[in-house]
Amino acid sequence: MSVSGNSLLGLTFAELESVLVADGVLAHHAKQLWSTIHRQAAADPSSVPLSPPLAKWVAENIGEGKNRFIDLPEQAEEIHSSDGLTRKYLLRLADGQVIETVLMEYGGRFTACVSSQAGCAMGCVFCATGQMGFVRHLTVGEIVAQVLHVRRALAASHPHRRLRNLVLMGMGEPLHNYDAVMKAMDIVSNPRGCAIGAAHIAISTVGYVPNILRMAEEQRPYRLAVSLHGSTEAERSALVPASKKWDLETLIAACRSYSRDTGKRIFFEWTLIAGKNDSEETARRLAVLLEGIDSHVNLIPLNPTEGYDGHSSSSGRAFQETLRQAGIPCTFRQRRGIDVAAGCGMLKAAKFHNIAKP
Ligand code: SAH
Ligand code: SF4
């Protein structure tokens with residue numbers, strides 16, 4: 001496997017420029033190479049017309065056996081949902097790890113859901129990725145490559161549409177891989193590249209408190225989504241073991257301080273599970289917990305996974321109504337792509353543990 005530091009996809013524009021300058025190529029050629037890689041999403045820059053000095057550098061430096069590479073993963077599988085609105089890609093990385101990336105269409109707008117780790121260390125009981133355990137962090141290049149993969153797929157099917165939104169809700173806990181995720185987001189939000197507006201990027205965390213605070217301190221321009229799933233410590237830690245490390249009270253205090261310091265709304269994710277966290281009493285407690293925080297609650301129907309025997313709730317409407325009456329905006333996340341096993345970690349689990357696909 002090549003050294004990830006030599007991946008061109010892991011470089012910011014300024015870093016790419018200094019690589020070229022160090023090799024004696026004039027700085028202004030960096031714009032052309034950047035645009036080839038990130039705007040056009042060209043899989044192979046040597047296949048597109050480039051100015052002669054840049055073409056020479058590309059021929060000498062990029063590719064198999066050379067000192068730089070573009071770490072595009074190999075597509076192991078592509079599955080489309082029956083309504084055609086969700087496509088799921090299984091991507092094989094250089095060391096054989098397989099991750100998933102999803103492209104979703106909502107009312108003509110396209111959103112990518114990307115992974116930040118192979119597996120996840122947080123162990124949420126209902127999550128297929130959590131059930132797999134942690135394998136490794138993804139590199140910056142591997143995160144950026146997922147966005148480019150999806151953009152190429154979109155260009156092929158809808159040449160005039162662009163990828164507008166990005167959510168870090170695939171495999172892994174993005175705030176556990178903070179530096180790589182933040183650098184990858186800097187790269188994909190660059191207006192001369194993928195140009196995904198920072199306000200259209202959502203980072204979803206299980207509640208990794210120190211790095212929620214760090215996002216605020218560093219004034220990261222992205223949206224924050226916090227996966228809550230429980231209104232008391234007991235309710236939450238039964239589903240989210242990470243709550244033992246960063247308990248509910250500490251997490252809510254961190255959200256309060258994030259909200260105060262950034263002035264930004266926080267999206268709270270809530271996977272509804274029958275008999276575990278779906279009662280009206282829980283909804284009322286949640287409303288009290290979120291008092292004073294500019295919040296929006298997203299309710300997610302439970303996707304079935306092999307390792308968890310909980311059931312999807314049928315009292316979601318009452319839960320939603322209780323929150324709304326308390327003045328908290330609350331919507332249902334569409335159960336997108338469940339027929340392509342597009343729930344978090346589901347397709348990989350289905351494919352690699354021989355579970356029948358739904
Ligand atoms: N690790 C991050 C982001 C990835 S998970 C986080 O936990 O927030 C993205 C969302 O999918 C989280 O809200 C998670 O709780 C939810 N999720 C995971 N498995 C699920 C399942 N089987 N059914 C419904 N939602 C699930
Ligand atoms: Fe990890 Fe998120 Fe799954 Fe929890 S829900 S195990 S944090 S990926």
Side-chain angles (χ1 to χ4, degrees), residues 88 99-102 104 111-138 143 146 166-178 180-181 185 201-209 211-212 215 222-230 235-246 251 255 266-274 276-278 296-313 316 331-350 355 358:
K88 179 149 182 161
I99 54 161
E100 45 189 58
T101 306
V102 181
M104 295 163 286
T111 297
C113 174
V114 306
S115 296
S116 55
Q117 299 176 318
C120 182
M122 301 297 147
C124 303
V125 297
F126 52 81
C127 169
T129 310
Q131 291 157 17
M132 276 172 215
F134 178 68
V135 183
R136 68 170 173 86
H137 293 304
L138 299 191
I143 299 170
Q146 295 174 66
L166 189 62
V167 294
L168 275 128
M169 291 188 188
M171 297 167 72
E173 166 50 41
L175 296 190
H176 183 204
N177 188 14
Y178 188 90
V181 164
M185 295 307 104
I201 294 178
I203 297 182
S204 175
T205 176
V206 70
Y208 202 110
V209 166
N211 288 342
I212 290 176
M215 274 183 78
Y222 313 115
R223 288 174 171 227
L224 176 66
V226 174
S227 296
L228 213 51
H229 313 309
E235 201 175 68
R236 185 163 195 263
S237 17
L239 300 170
V240 180
S243 199
K244 294 182 184 115
K245 191 166 170 93
W246 302 292
L251 173 58
C255 291
I266 302 179
F267 296 81
F268 289 96
E269 309 287 308
W270 193 280
T271 296
L272 279 167
I273 307 171
K276 304 285 183 199
N277 63 0
D278 65 338
H296 183 119
V297 174
N298 270 323
L299 300 175
I300 316 173
L302 177 72
N303 284 328
T305 57
E306 185 201 19
Y308 183 62
D309 60 8
H311 296 285
S312 160
S313 165
T331 46
F332 271 89
R333 170 99 63 72
Q334 275 163 289
R335 205 179 170 117
R336 256 310 144 72
I338 191 158
D339 62 335
V340 295
C344 181
M346 289 180 69
L347 178 59
K348 184 166 186 282
I355 306 163

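Just follow the structure's listing: the first ligand is 1, and inside any ligand the first atom is 1.
- Residue-ligand proximity, Gly130 to ligand 2, at heavy-atom distances under 4.0 Å covers atoms 6 (S).
- Evaluated by nearest non-hydrogen atom to atom 25 (N) of ligand 1, the leading choice among Thr129, Asn303, Leu239, Thr271 is Thr271.
- Applying the 4.0 Å criterion to heavy atoms of Cys127 picks out, from ligand 1, the atoms 18 (C), 19 (N).
- The aromatic rings of Tyr208 and Trp246 are tilted relative to each other, their planes meeting at an angle between 30° and 60°.
- Residues Leu175 and Val181 have side chains not in contact (no heavy-atom distance under 4.5 Å, counting atoms from C-beta outward).
- Looking at Ser115, its side chain never comes within 3.5 Å of a backbone N or O of Gly170 through a donor-acceptor pair.
- Across the listed options Ser204, Gly170, Gly172, Gly172 owns the non-hydrogen atom lying nearest to atom 1 (N) of ligand 1.
- Using modelled atom types and a 3.5 Å distance limit, the side chains of Gln131 and Thr305 yield a donor-acceptor pair.
- Each of the following atoms of ligand 2 lies closer than 4.0 Å to a heavy atom of Val206: 7 (S).
- Using 4.0 Å as the threshold, Ala128 has no heavy atom nearer than that to any atom of ligand 1.
- For atom 15 (O) of ligand 1, the candidate residues are Met169, Glu269, His229; the nearest heavy-atom contact is made by His229.
- The two residues Leu251 and Gly207 have their closest heavy-atom pair at CD1-CA, 3.6 Å.
- Side chain of Gln146 to main chain of Thr101: no donor-acceptor pair is present (N/O by atom type, distance under 3.5 Å, no hydrogens or angles).
- Between Ser227 and ligand 1, at least one N/O pair is under 3.5 Å apart.
- Distance alone, capped at 3.5 Å, is enough to place a donor-acceptor pair between the Asn177 side chain and the Ser116 backbone.
- Evaluated for a side chain to side chain contact (heavy atoms under 4.5 Å, CB included) with Leu272, the options Leu302, Leu299, Ile300 yield exactly one hit, Leu299.
- Atoms of ligand 1 lying under 4.0 Å from at least one heavy atom of Thr205, given by number and element, are 6 (C), 8 (O).
- Side-chain atoms of Asn277 do not come within 3.5 Å of backbone N or O of Arg236 as any donor-acceptor pair.
- Taking every non-hydrogen atom of Cys120 and a distance limit under 4.0 Å, the qualifying atoms of ligand 2 come out as 1 (Fe), 6 (S), 7 (S), 8 (S).
- With ligand atoms numbered from 1 in the order given, ligand 1 contributes 3 (C) to contacts under 4.0 Å with heavy atoms of Leu168.
- Near Thr305, meaning under 4.0 Å from one of its heavy atoms, ligand 1 places the atoms 22 (N).
- At a cut-off of 2.8 Å, Cys124 does not coordinate atom 3 (Fe) of ligand 2 through any N, O or S atom.
- Ring geometry for Phe267 against His296 counts as tilted: the plane angle lies between 30° and 60°, on a 0 to 90° scale.
- At a heavy-atom distance under 4.0 Å, only backbone atoms of Pro301 (N, CA, C or O) approach ligand 1.
- Geometrically, ligand 1 and Phe126 share a nitrogen or oxygen pair separated by less than 3.5 Å.
- A side-chain donor-acceptor contact under 3.5 Å links Glu173 to the backbone of Val206.
- Heavy-atom distances between Ser227 and ligand 2 stay at or above 4.0 Å for every pair.
- Shown in contact with Ile300 at under 4.0 Å from a heavy atom are these atoms of ligand 1, numbered in order with element: 13 (O), 24 (C), 25 (N).
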